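Heads up: the structure comes next, in structure tokens.
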Amino acid sequence: MTHMDFSHPYFGVFVMFVLTFVAFILTVALARFISRKIARLNTEKLKVSLYECGPEATKQPNTISVQFYLMALLFILFDIEIIFMFPWAVDFIILGWFGFIEMILFIVLLTIGFIYAWKKGALEWHSIK
């Protein structure tokens with residue numbers, strides 16, 4: 001008896017998936033190759049110059065406030081807390097006192113983190129002026 005069993009009902013689907021994947025990769029590679037050969041690589045000064053009027057284009061730094069990232073991290077933190085509470089609530093009777101104490105410790109730990117973030121000013125949204 002060999003380890004390869006071709007009589008599985010989904011074997012044909014798997015083969016079609018692999019062939020589709022290979023065809024997609026080859027199509028993308030071929031399109032990239034053709035577009036690089038056809039594209040003109042010479043850039044003329046007239047093409048990159050300003051047309052008639054307007055300010056000269058300068059690259060400005062794209063700055064995003066750190067407050068956005070702090071708010072996003074806090075959202076993820078408390079979102080994950082809620083996700084962990086659903087299975088605990090479903091199996092509350094089965095887990096008993098051990099599960100209750102574990103969840104209380106989990107909530108206390110996250111509350112300490114929330115108070116720390118609040119004291120550091122992570123929840124205050126600074127206006128851009």
Side-chain angles (χ1 to χ4, degrees):
M1 177 171 241
T2 64
H3 293 339
M4 298 183 73
D5 185 18
F6 296 116
S7 64
H8 194 275
Y10 292 112
F11 182 73
V13 174
F14 176 73
V15 170
M16 287 176 55
F17 176 73
V18 170
L19 290 176
T20 304
F21 177 74
V22 170
F24 177 75
I25 295 297
L26 290 176
T27 304
V28 169
L30 182 66
R32 184 176 179 195
F33 175 76
I34 291 172
S35 66
R36 287 181 183 251
K37 290 296 179 188
I38 294 175
R40 292 184 182 167
L41 298 178
N42 58 349
T43 56
E44 300 173 9
K45 263 190 166 188
L46 184 61
K47 287 183 181 178
V48 294
S49 65
L50 295 176
Y51 177 71
E52 290 188 8
C53 62
E56 192 165 329
T58 59
K59 179 100 173 139
Q60 295 183 4
N62 187 7
T63 59
I64 298 175
S65 176
V66 176
Q67 292 299 119
F68 174 77
Y69 294 110
L70 290 176
M71 196 67 70
L73 286 173
L74 288 173
F75 171 76
I76 290 171
L77 174 77
F78 293 112
D79 191 44
I80 290 173
E81 175 185 0
I82 297 300
I83 290 172
F84 281 142
M85 285 185 176
F86 278 117
W88 170 77
V90 169
D91 293 334
F92 179 72
I93 301 293
I94 297 170
L95 295 173
W97 282 103
F98 176 75
F100 180 73
I101 292 171
E102 286 291 324
M103 186 52 69
I104 294 297
L105 288 173
F106 180 67
I107 291 172
V108 166
L109 184 67
L110 287 173
T111 304
I112 291 170
F114 176 72
I115 292 170
Y116 176 77
W118 192 352
K119 295 292 183 189
K120 287 291 186 179
L123 300 176
E124 296 174 9
W125 195 263
H126 301 288
S127 63
I128 301 172
K129 291 184 180 179

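Scope of the values below: all heavy atoms of this structure, side chains included, with no hydrogens, waters or symmetry mates. Everything quoted here is computed from the prediction, not taken from an experiment.
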Closest heavy-atom contact between Phe78 and Leu110?
-> CE2-O, 4.2 Å
Quick one: do Phe24 and Thr20 satisfy side-chain contact (heavy atoms from CB on, under 4.5 Å)? Show the steps, please.
-> CA-CA 6 Å; Phe24 177 75; Thr20 304; 5.5 Å; no
Shortest non-hydrogen contact from Met103 to Phe84?
-> CE-O, 3.9 Å
In Å, rounded to the nearest 0.5 Å, how long is the span from CE of Met16 to CZ of Phe11?
-> 13.0 Å
Point-to-point distance, once rounded to the nearest 0.5 Å, from CD1 of Ile76 to CD1 of Ile83 | 10.0 Å
Spacing of Leu26 atom CG and Phe21 atom CZ [to the nearest 0.5 Å] = 10.0 Å
Co-membership, hydrophobic cluster, residues Phe100 and Phe106, 4.5 Å side-chain = yes
In this structure, are over 12 heavy atoms from other groups packed under 6.0 Å from Phe17 atom CZ?
-> no
Above 12 or not: heavy atoms from other molecules or residues under 6.0 Å from CD1 of Ile93?
-> no
Same cluster for Met85 and Trp97 if Ile/Leu/Val/Met/Phe/Trp/Tyr side chains link at under 4.5 Å?
-> yes
Do Phe86 and Ile104 sit in the same hydrophobic cluster, where Ile, Leu, Val, Met, Phe, Trp and Tyr count as joined when their side-chain heavy atoms come under 4.5 Å apart?
-> yes
Is Val108 linked to Leu95 within one hydrophobic cluster, defined over Ile, Leu, Val, Met, Phe, Trp and Tyr using a side-chain heavy-atom separation of less than 4.5 Å?
-> yes
ILVMFWY cluster, Ile112 and Phe114 together (side-chain gap under 4.5 Å) | yes
At what distance, to the nearest 0.5 angstrom, does CD1 of Ile82 lie from CG of Leu77?
-> 10.5 Å
Could you state the interatomic distance from CH2 (Trp88) to CD1 (Ile94), rounded to the nearest 0.5 Å?
-> 13.5 Å
Do you know which of Leu109, Thr111, Ile107 makes side chain to side chain contact (heavy atoms under 4.5 Å, CB included) with Glu81?
-> Ile107
Nearest-0.5 Å distance, CG of residue Leu30 to CD1 of residue Ile34 = 4.0 Å
